[in-house]
Amino acid sequence: MVPALEEILQDTRSLVFFGGAGVSTESGIPDFRSVDGLYHQKFKYPPETMLSHTFYKTHTAEFYDFYRQKLIVHGAKPNAAHLRLAKLEREGKCKAVVTQNIDGLHQAAGSKVVYELHGSTLRNYCTRCGKFYPVSFIEEAAGQGDGVPRCTECGGIVKPDVVLYEEGLDEATMENAIKAISVADTLIVGGTSLAVYPAAGLLRYFRGETLVVINKQPTPADGMANLILNMPIGQALDENTPVSV
């Protein structure tokens, strides 16, 4: 544990956690922007292009091939960060988790109030009739025809509930995240470079007393932080592991 962080967690009454890809990398899920991340790998098209709404509409089969290979992750389990945040929620301290991740690991750890800014790979809907499908349906379509998952009811394309480039964030999710951040007394920003907008812009709604930044690299929010921890988020939040800062 980090004594300075534990003191903040003990005193807080209304904590919100704002997290990014660095929270999931400790569960074995690759991030996008690091040296070994998705955006530095070589593909036929740039990953940003293949994860755009235009590519989804114009190269649908190729979109799903890439999506199945790189965005659906098997065997990942919640790590110390996910588990500690769920515990803090049960204790009445953590009021919400605002995440840029799409893997559902916060819910798997037990967190109930989770605002997924960029959606989730675990939710998939027919674009025509709205029927829900699990992620396994997207995977199983790989061996059928052109590999594009189609609704068993109406034949419409089944699209992951993931926000692609050129698509807007869900308004209700954004409003709930803004409300939670604006009334929190403590905001922990963890595992994110704060490079992705509009998500990173949510920090401007924080009016509380204590801002904690936990990230392996410097972030634009460091200048405003009461506590900066340049370390893995799971290591920082694990109350059972001694940490010297």
Side-chain angles (χ1 to χ4, degrees), residues 1-12 15-41 70-71 73-91 93-94 96-111 114-118 120-121 177 181 184 186-196 199-200 202-203 206 210-245:
M1 67 174 64
V2 180
L5 177 58
E6 293 302 321
E7 185 175 338
I8 289 170
L9 293 175
Q10 183 175 353
D11 293 341
T12 187
L15 164 70
V16 169
F17 178 81
F18 178 89
V23 181
S24 295
T25 53
E26 294 175 60
S27 292
I29 298 177
D31 66 4
F32 281 41
R33 290 177 169 76
S34 70
V35 174
D36 299 319
L38 184 64
Y39 288 172
H40 291 274
Q41 299 176 29
K70 296 300 180 182
L71 268 70
V73 179
H74 294 281
K77 299 188 183 314
N79 60 52
H82 299 108
L83 295 171
R84 183 69 187 285
L85 291 167
K87 180 183 178 184
L88 287 166
E89 182 185 73
R90 293 193 298 272
E91 294 171 350
K93 291 181 177 291
C94 185
V97 169
V98 180
T99 180
Q100 299 172 80
N101 299 330
I102 58 176
D103 49 50
L105 288 179
H106 283 291
Q107 292 93 326
S111 290
V114 182
Y115 301 123
E116 296 171 307
L117 299 177
H118 297 151
S120 172
T121 60
I181 290 172
T186 302
L187 178 64
I188 297 180
V189 177
T192 174
S193 61
L194 295 175
V196 178
L202 291 176
L203 267 66
F206 179 58
T210 308
L211 174 63
V212 178
V213 177
I214 307 172
N215 199 54
K216 288 192 278 188
Q217 304 297 330
T219 79
D222 288 4
M224 303 176 288
N226 301 82
L227 176 65
I228 302 169
L229 299 174
N230 295 127
M231 63 175 61
I233 180 72
Q235 183 182 0
L237 284 173
D238 188 349
E239 57 187 332
N240 299 313
T241 303
V243 175
S244 58
V245 179

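Excluded from the calculations below are hydrogen atoms, water molecules and symmetry mates; all remaining heavy atoms, backbone and side chain alike, are included.
- Across every non-hydrogen atom of A199 and H118, the tightest pair is CB-NE2, 4.2 Å.
- Here the side chains of L15 and L9 are in contact, with some heavy-atom distance below 4.5 Å.
- Summarising the geometry of S27 relative to K77, their closest heavy-atom pair is OG-O, 2.7 Å, with the distance given to 0.1 Å.
- For the pair V212/L5, a side-chain contact is recorded, criterion being any heavy-atom separation below 4.5 Å from C-beta on.
- One finds the CG atom of L88 at 7.5 Å from the CG atom of L237 (value rounded to the nearest 0.5 Å).
- Separating the OG atom in S120 from the CG atom in N101 is a distance of 10.5 Å, to the nearest 0.5 Å.
- For the atom pair CG (N240) and CG (L83), the distance works out to 10.5 Å, reported to the nearest 0.5 Å.
- In terms of heavy-atom proximity, S193 sits nearest to P220 at O-CD, 3.3 Å.
- Shortest non-hydrogen contact noted between C94 and L85 is CB-O, 4.0 Å.
- Closest of all the heavy-atom pairs between A81 and V23 is CB-CG1, 4.3 Å.
- Legend: residues meeting side chain to side chain contact (heavy atoms under 4.5 Å, CB included) with V73, ordered by chain and number and at least two apart, are I29, A76.
- Other residues, nucleotides and ligands place more than 12 heavy atoms under 6.0 Å from the CD atom of E91.
- Within 6.0 Å of atom NZ in K216, 12 or fewer heavy atoms from other residues, nucleotides or ligands are found, so the atom counts as exposed in its surroundings.
- To the nearest 0.5 Å, atoms OG (S111) and NZ (K87) are separated by 13.5 Å.
- The side-chain heavy atoms of V189 and T219, taken from C-beta on, include no pair separated by under 4.5 Å.
- Using a 4.5 Å heavy-atom threshold, the side chains of Y115 and L202 count as separate.
- Between E6 and R84, at least one side-chain N (NZ, or NE/NH1/NH2) sits under 4.0 Å from a carboxylate O, which counts as a salt bridge.
- If you run side-chain hydrogen bond (donor to acceptor under 3.5 Å, both in side chains) between E116 and each of H106, Q107, Q100, only Q107 comes through.
- Here the rule is side chain to side chain contact (heavy atoms under 4.5 Å, CB included) with F18, and of V213, L211, V97, L117 only L117 fits it.
- Under a 3.5 Å cut-off, the side chain of N230 and the backbone N or O of N215 do form a donor-acceptor pair.
- Without hydrogens or angle criteria, E26 side chain to G234 main chain gives a donor-acceptor distance under 3.5 Å.
- Closest heavy-atom contact between G22 and I233: O-CG2, 3.6 Å.
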